[in-house]
Amino acid sequence: MGEQLSKVYEPKTIEKLANEIWFSRPYFHAEAPPDRGGPSQKTYTIVIPPPNVTAPLHVGHALNNTLQDVLIRFRRMQNYNTLWMPGTDHASIATQTVVEKRILSEEGKRRTDFKREEFVARVQAWKDEYEARIIEQLQAMGCSCDWQRTRFTMDEVCTKAVRAAFFKLFKDGLIYRGKRLVNWDPATQTVLADDEVEHETVQGHFWYLRYPLAEPVQIAGQSIEYVTVATTRPETMLGDTAVAMNPADKRAEYLIGKKVRLPIVGRLIPIIADEHVVLPNPESDDEKARFSTGFLKVTPAHDPDDWEIGQRHSLEVVNVMAPDASISDKYGWEDAHSPEAQSLLGMDRFEARKAIVEWFRQENLLEDVREYAHEVGHSYRSHVPIEPYLSDQWYIAVKKPIEYLGEKFGQGLIEETDVPVNSLAGLALKPLLDDRLRFIPDRYAKTYQAWLEKLRDWPISRQLWWGHRIPVWTITFSHAHYKHSDETHEEAKKRHDQECETHVLKFLQLCGVDEEVSSYRSPQLIKGTFPFYVCGKIEKVDDILEMLSKILNHKGGRVSREQLKKYKANNDEFKAKFGEDAFKYIGNLRERIRTCTLDEDVLDTWFSSALWPFSTMGWPDDTPELKTFYPGDVLCTAREIITLWVSRMVMMGQYCADDIPFSDVYIHAMIQDGEGRKMSKSLGNGIDPLVAINSHGADAMRFTLASMTTDTQDIRMPVQKMKLPDGREENTSPKFDVGRNFCNKLWNASRFALMNLEGIDPDKFDKDKMTVTDRWILSRLEYTIEEVTKSLDNYKFNEPLNISARFFWNEFCDWYLEWVKPRMQDEQQKSIAQNVLAFVLDQILRLLHPFIPFITEGIFQKLNEIAPIRQLRGLAEAKKSDALVAAEWPKQLDFVDEKYKQERASIWNVQSVIRDIRNIRNEYNIPPSHKLKATLNMSAPGAESVTKDLNDNKELIIQLAGLAEIEIGIDIKKPKNAAAAIHEDRQLYVDDVIDFEAERNRLEKKKQQVEKAKKATESKLANKDFLIKAKPQVVAQARDKLAELSEQLEVVEKHLSELES
RNA sequence: GGGCGAUUAGCUCAGUUGGUUAGAGCGCACGGAUCACACCCGUGAGGUCACAGGUUCGAACCCUGUAUCGCCCA
């Protein structure tokens, strides 16, 4: 049968074979019993970090998913009910952007050339393509996900969860409308995400502008008439609403609270104290201090830092620009009355900059202009400088206490923070502090903690089309209202809107959805109205409001027959769906409601990601999956998304699903190229896992990645173009050779074993007939099983892989297989050797399977054919399985006792002697075919038992050292013309090979080595402090060492002198 | 600017609670078509553990500082 196996390991063949087996039965599927009664199996759950559907997976994903698969396969073999939930992320902005780019370059069209539904359909098509590719890649890597559960963040199941979570937040008063500065691209007029802003160093200027004080101030007898602010963006001064200075500034006590008259505009603005302001210091290393005047103009509407200052001091916000970044008084600037201000309206921001600087110059208010290189954010799309632009966005309040959670989690702030225990941030932070959540390696807990502690409200709306549409309807009411004599207009408007609001709620009640809606009214007047926000728990609410909106839009009067027909149809449909009463009530709303519209925006992509651990399992429904697999066990991810993703999953898990989604977070390395650079498309240094699989095989790739995964180091992976079998030139890495070589070795060793296992008979095994080599390899196996299991439990990856690989290669192949060869020719011994061989190989396959699943599965199948029963009768049994994927993880070999362990020393001595002989053979250039005669003199006290032992194992030495014979004894004289290898406790001689010159060199070298070691030990022992303070056994060890070294040195010297004579 | 990490052989990396002469793989050198494997076997050379201080009987390991590189956050 063995001859069926090719001489060289062929990944493709074996990958195909293994996949056929794995998909022939639901090995990867985790059953969630509808009723969890009875003895329940332990579960183990990992949800995949869903890859973005923007692009195919790269080698970083390959690492991430390899590690997850290792954990999953390990636990599955340990008989856990194991679920690995797969899926992909819609990645709203990233995906929309790549599709927009593609459409622009291929068709010359922009997003706005499409209807929203059309465009979304285009993105959907892209998603379908890449989702399929990603799943193909994951399967090619061998990921044992529960494929029939594959989810997508925008599929029906996840969408339902998003809706439910959003509603819950809305109802709990945690979602609100607020203002925020966004990265605005004035050229394309779109919002950019932070990572779409490219920072470029620009050679610009600092302009020093004088702002006159409203009234002169006396400081130390001097009359101060103005303050000087330094700015890189003079055009924003039109929106200044304060001048800030550091309270530590000596001038502060005279100036804080005073007013400044803003040039051009004439606005009176206060001087305020804020520690953000950099104190001036011409000597400082800090460039900002050198350029600072100590006075900072504050423009909350046009600068993120200023926005913060504005928030802290409740400053007015004056937006002086239109969306195209021209100066405008139509977007919040209400005091542009002066002729100078009027003349600036309509100017582009850079034109305005020139005009304003010129104006200051002419008015003698321009104090200085200095060169200044600074970072300016540019749009990665239009390459124009981005404009921080004020806009209305939806937020989640993350530090607002949630009353009803107080019972469960307590009240008040988490110690040393401003985070309430029962706020969303608290829900994420507390589990870490309580050790319910841990990071591996634990240093990443800091990142998580720090981020949560200074967390600010989460802006969740995005001005995009691809994503979960925000399920909020904004209803505004008519302007018509009566004003009571004692009311302001605003108060009257508020009262009026409140009345309207009750009508809307009454209407929804008549529609039968009053339990399914939540609403809130804007506390602020926006464009003359207080918008009323309505969120429905179910889609029915959307239907109602959409139809209502259509019906209200019909204003009567002269309309076409067509429109009238449509209107009537709408009415009829509404009546049919929601009843006559509700329909009649629309009359009450007709004159009151001005607009009723569904929000245009979509949710931040992390919103649905935050729900991923339970949305995929059917939350909010109480599904068997949730009961069985939630909370899960571990999240495995890269460190870049600890804040954006991990924290939000914990937060939402606790908030929505009543528990944190996992207890362990394993953070793995990042993969860099050979120069330590991040892999990226633009550098062209990325590696496609499919290419690596093509060039080296999936197992080889996995082996290499796992063997490089440690807690501390990022992975450097030299990238090299390689010609693939199909002729393409693609990036792969020579590092994968390591894995491929290993697989080839495993393949061939197994092939050898299989060839020798014909006719194996488990009944012919007799444990008392095992040789020392059998017991030795079993004791090494026992050690390996223990270590590998332990280190996998602790999220080590390189360690278990290296331990099992070394056991396989350096012990099993290099020694055991070599010693087994002659036994296979001996009918007596063959049966014993066969059974041990089959058993050990079986266990090796099991240990390696999580790392290199394909090849181990392939070999396991062959092993099942040739040696279906692998056991050591009376000692151990490898439990049968049709497939390795479902086989049992190796159990501890309890029969390996002290006696076995003592025998390890025997083999160690044998190996040491063999190495000595091989060394001499090499140094004297003696061909392997030349059989040597060797003599071994044992010199240590009490050497009798070792000598006997070695004599018993003589054959093992003769066999692997290429000897004709060896004499082993005590007090044997050195034969004439023999080369020597000298140790503390023994001297080995190889007869009749002497080359005096070479031998002298060898011995001299040895002598130096020993002398050096001896000196070091002597000086240590000469140190009194060492004798007193070091642990006694350390001192004793040193004494023994010295004695041994002295003796060794004596022998070496003796041999040297003999050479002379 | 703040935080985290790294710096050990030519390269990529290990190095457990401080304790013999600091390890592996690749590469290099030498030898090898032996009936599993040349993607192999055997042997060997190769290190001032980034630098400077400190703690200690003893430091690659602990502490302080410096330099360089990487990442995250502002």
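This one's a predicted model, so the numbers in the text were calculated from it and none came from an experiment. Letters go in sequence order (proteins before strands), and every chain restarts at 1. Note that these values count all heavy atoms, side chains included, but never hydrogens, waters or copies made by symmetry.
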Between atom [atom1] in [X] and atom [atom2] in [N], what is the gap in whole Å?
X: A/K862; N: B/A36; atom1: NZ; atom2: P; result: 19 Å
X: A/D814; N: B/C41; atom1: CG; atom2: P; result: 6 Å
X: A/I803; N: B/A24; atom1: CD1; atom2: C1'; result: 13 Å

Between N or O atoms, less than 3.5 Å apart, protein on one side and nucleotides 30-32 of chain B on the other: list the pairs.
none

Pairs touching residues 1006-1023 of chain A that satisfy salt bridge (Lys or Arg N to Asp or Glu O under 4.0 Å), sequence neighbours left out: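 Matches after skipping sequence neighbours: A/K1014-A/E1018.
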Suppose the criterion is salt bridge (Lys or Arg N to Asp or Glu O under 4.0 Å): which pairs have a residue in residues 811-823 of chain A, not counting sequence neighbours?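 Applying salt bridge (Lys or Arg N to Asp or Glu O under 4.0 Å) to every pair that reaches into residues 811-823 of chain A, excluding sequence neighbours, yields A/D774-A/R823, A/R780-A/E811, A/E818-A/K821.
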Under the side-chain contact (heavy atoms from CB on, under 4.5 Å) test, which residues partner [X], sequence neighbours left out?
X: A/R639; result: A/Y444, A/I642, A/I667, A/M670, A/D714
X: A/D826; result: A/Q828, A/Q829
X: A/K745; result: A/F808, A/W809, A/C813

So what does the secondary structure string of RNA chain B come out as, 5' to 3', with Watson-Crick or wobble pairs under 3.5 angstrom, [ ] for crossing and | for pairs with another strand? (((((((..((((.....[...)))).(((((.......))))).....(((((..]....)))))))))))).
Below 3.5 Å between N/O atoms, which protein atoms pair up with nucleotides 44-50 of chain B? Just atom names and distances, please.
{"from": "B/G44", "atom 1": "OP1", "to": "A/N919", "atom 2": "ND2", "distance (Å)": "3.1"}
{"from": "B/A45", "atom 1": "OP1", "to": "A/K1005", "atom 2": "NZ", "distance (Å)": "3.1"}

Tell me, yes or no, whether the heavy-atom count around A/R312 atom CZ, taken from other residues, nucleotides or ligands under 6.0 Å, exceeds 12.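 Yes, because the 6.0 Å sphere around CZ of A/R312 holds more than 12 heavy atoms from other groups.
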Ignoring hydrogens and angles, write down the donor-acceptor pairs under 3.5 Å from the side chains of residues 1042-1051 of chain A, residues two or more places apart or on other chains.
{"from": "A/S1046", "atom 1": "OG", "to": "A/L1042", "atom 2": "O", "distance (Å)": "2.7"}
{"from": "A/Q1048", "atom 1": "NE2", "to": "A/I982", "atom 2": "O", "distance (Å)": "3.3"}

Every protein N/O within reach of nucleotides 56-60 of chain B N/O, cut-off under 3.5 Å:
{"from": "B/C57", "atom 1": "OP1", "to": "A/K1029", "atom 2": "NZ", "distance (Å)": "2.3"}
{"from": "B/C57", "atom 1": "O2'", "to": "A/N1023", "atom 2": "ND2", "distance (Å)": "2.7"}

Can you check nucleotides 5-8 of chain B for protein contacts, nitrogen or oxygen pairs under 3.5 Å, and list what you find?
{"from": "B/A6", "atom 1": "O3'", "to": "A/Q713", "atom 2": "OE1", "distance (Å)": "3.0"}
{"from": "B/A6", "atom 1": "O2'", "to": "A/Q713", "atom 2": "OE1", "distance (Å)": "3.3"}

So, does the side chain of A/E308 form a donor-acceptor pair with the base of B/A74 at under 3.5 Å?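 No, the side chain and the base share no sub-3.5 Å donor-acceptor pair.
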State whether the distance check finds a donor on one side and an acceptor on the other, under 3.5 Å, for side chain A/K745 versus base B/C37.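 In this structure, the two groups form a donor-acceptor pair.
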Looking at B/A14, I'd like to know if its phosphate oxygens (OP1 or OP2) sit under 4.0 Å from a side-chain N or O belonging to A/T710.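 It does, given that an N or O in the side chain of A/T710 lies less than 4.0 Å from OP1 or OP2 of B/A14.
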Ignoring backbone atoms, test whether A/K821 places a side-chain nitrogen or oxygen under 4.0 Å from the OP1 or OP2 oxygen of B/A36.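 For A/K821, the contact criterion (side-chain N or O under 4.0 Å from OP1 or OP2 of B/A36) is met.
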Neighbours of RNA chain B within residues 791-800 of chain A, by heavy-atom distance under 4.0 Å: none
Just call it for A/L455: base, sugar-phosphate, or nothing, with non-hydrogen atoms closer than 4.0 Å on any strand. nothing
